[in-house]
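Count residues from 1 along the sequence. The figures here come from the full heavy-atom set of this structure, side chains too, leaving out hydrogens, waters and symmetry mates.
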Amino acid sequence: MKRTTFNRAFITMCMLVALCFTAFSFTPKVGLDSYEIYLNNKLILKQSVNQPLNLRVLQLGQASAGDQLHIIYKHCALEGAGTNRNIILKDEKGNTLKKWSFANATGTDLSMVIPVKELLQLEKMNAAHQLSLHYTARELYKAEETLAFLHSR
């Protein structure tokens, strides 16, 4: 009788352990979204979304009108780009000044390209305002992510 009770307890415990291993093997990856911003092919900003906003300043003073800003935003759960991606330029009051929409990324090129000429013109037209770049995508947990503040002086 004691042997039967021991066998049942042992089998039950083995089944629970197997069930736990099975359940935990399918949990989603935990991590942080990250992004990189390039001026032409030179990396000028690389951040994880949990870093303070005061470190996220784009210095565009040395950029020329023919340059391009390449933004690569990687979602942690997707290990790649999101869908319905947009970059939005806003002033300090949250007013949208410009919105760039991008096609869903295919292949290895995840970059979103913005002409620096457009940014410089918008900065000049809104010189009295503090401007910031924001990213939106369908996969974001919150509505948008602040990428960086602009500073060309």
Side-chain angles (χ1 to χ4, degrees), residues 14-153:
C14 287
M15 288 175 56
L16 283 172
V17 168
L19 182 64
C20 287
F21 278 122
T22 304
F24 289 120
S25 65
F26 293 107
T27 57
K29 285 188 172 183
V30 176
L32 294 173
D33 290 1
S34 62
Y35 59 93
E36 300 168 354
I37 300 177
Y38 295 83
L39 183 59
N40 297 322
N41 292 323
K42 182 183 176 192
L43 180 66
I44 58 173
L45 184 65
K46 184 176 182 175
Q47 299 283 123
S48 294
V49 296
N50 68 334
Q51 292 178 322
L53 282 177
N54 60 359
L55 298 177
R56 302 178 191 187
V57 177
L58 287 182
Q59 301 288 341
L60 297 179
Q62 302 300 321
S64 65
D67 291 342
Q68 292 185 328
L69 210 60
H70 295 262
I71 301 171
I72 300 172
Y73 193 102
K74 295 179 184 174
H75 294 266
C76 64
L78 300 176
E79 296 181 11
T83 56
N84 299 335
R85 304 175 300 160
N86 299 293
I87 299 292
I88 302 169
L89 182 68
K90 293 186 174 188
D91 64 13
E92 72 279 358
K93 294 179 183 175
N95 299 320
T96 298
L97 304 174
K98 175 80 177 180
K99 180 178 180 180
W100 294 270
S101 297
F102 300 94
N104 296 339
T106 56
T108 58
D109 186 16
L110 307 178
S111 65
M112 298 171 281
V113 180
I114 298 173
V116 170
K117 180 180 181 178
E118 289 181 36
L119 288 174
L120 294 175
Q121 287 173 347
L122 289 163
E123 262 191 317
K124 193 178 211 180
M125 290 172 21
N126 297 282
H129 300 283
Q130 184 179 19
L131 305 181
S132 56
L133 287 173
H134 302 263
Y135 171 78
T136 65
R138 185 171 54 191
E139 291 78 8
L140 275 183
Y141 174 70
K142 52 186 181 175
E144 65 184 37
E145 182 64 45
T146 303
L147 299 177
F149 294 101
L150 297 182
H151 184 39
S152 62
R153 292 169 199 93

What pairs with Lys98 under salt bridge (Lys or Arg N to Asp or Glu O under 4.0 Å), at least two apart in sequence or on another chain?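 Lys98 satisfies salt bridge (Lys or Arg N to Asp or Glu O under 4.0 Å) with Glu118 once adjacent residues are dropped.
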Can you list the residues that meet the side chain to side chain donor-acceptor pair (under 3.5 Å) rule with Asn84, with sequence neighbours excluded?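 Asn84 satisfies side chain to side chain donor-acceptor pair (under 3.5 Å) with no residue once adjacent residues are dropped.
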Non-neighbouring partners of [X] that pass side chain to side chain contact (heavy atoms under 4.5 Å, CB included), sequence neighbours left out:
{"X": "Ser111", "answer": "His70, Ile72, Asp109, Val113"}
{"X": "Ser34", "answer": "Ser48, Lys74"}
{"X": "Asn95", "answer": "Asp91, Lys93"}
{"X": "Gln130", "answer": "Glu92, Phe149"}

Any heavy-atom pair between the side chains of [Y] and [X] that's under 4.5 Å?
{"X": "Trp100", "Y": "Met112", "result": "no"}
{"X": "His134", "Y": "Lys90", "result": "yes"}
{"X": "Tyr73", "Y": "Leu140", "result": "yes"}
{"X": "His129", "Y": "Leu131", "result": "yes"}
{"X": "Leu39", "Y": "Leu58", "result": "no"}

What pair of heavy atoms forms the shortest contact from Val116 to Ala63, and how long is it?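 Between these two residues, the closest heavy atoms are CG1-CB, 3.8 Å.
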Leu45 to Ala148 - nearest heavy-atom pair and separation: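 Between these two residues, the closest heavy atoms are CD2-CB, 3.9 Å.
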When Leu133 is tested against each of Ile88, Thr146, Leu69 for side-chain contact (heavy atoms from CB on, under 4.5 Å), which residue passes?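 Considering Ile88, Thr146, Leu69, a side-chain contact (heavy atoms from CB on, under 4.5 Å) with Leu133 is found only for Leu69.
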In terms of ring plane angle, is the pair Tyr135 and His75 parallel, tilted or perpendicular, where the classes change at 30° and 60°?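 Ring orientation, 0 to 90° scale: tilted.
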Rounded to the nearest 0.5 Å, what separates atom [atom1] in [X] from atom [atom2] in [Y]?
{"X": "Ile87", "Y": "Ile71", "atom1": "CD1", "atom2": "CD1", "answer": "4.0 Å"}
{"X": "Gln62", "Y": "Ile44", "atom1": "CD", "atom2": "CD1", "answer": "11.5 Å"}
{"X": "Asp33", "Y": "Gln47", "atom1": "CG", "atom2": "CD", "answer": "13.0 Å"}

Run the salt-bridge test on Glu139 and Arg85 with the 4.0 Å N-O cut-off and return the result as yes or no.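 Salt bridge between Glu139 and Arg85, a charged N being under 4.0 Å from a carboxylate O: no.
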Could you name each residue pair satisfying salt bridge (Lys or Arg N to Asp or Glu O under 4.0 Å) that touches residues 38-52, not counting sequence neighbours?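 Residue pairs with at least one partner in residues 38-52: Glu36-Lys46.
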Does a donor on one side chain sit under 3.5 Å from an acceptor on the other, for Asn86 and Thr136?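 Checked: Asn86/Thr136 side chains pair up, N/O donor to acceptor below 3.5 Å.
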Suppose we screen for ring-ring contact (aromatic ring centres under 6.0 Å, His included). Which residues come up paired with Tyr38, at least two apart in sequence or across chains?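 Scan of Tyr38 (ring-ring contact (aromatic ring centres under 6.0 Å, His included), adjacent residues dropped) gives none.
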Check whether any side-chain N or O of Asn104 sits under 3.5 Å from a backbone N or O of Thr83 as a donor-acceptor pair, and report yes or no.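 Not confirmed, Asn104 side chain does not pair with Thr83 backbone.
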Main chain of Glu123, side chain of Asn126: is a donor-acceptor contact present, judged purely on distance under 3.5 Å?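 Between the backbone of Glu123 and the side chain of Asn126 there is no qualifying donor-acceptor contact (under 3.5 Å).
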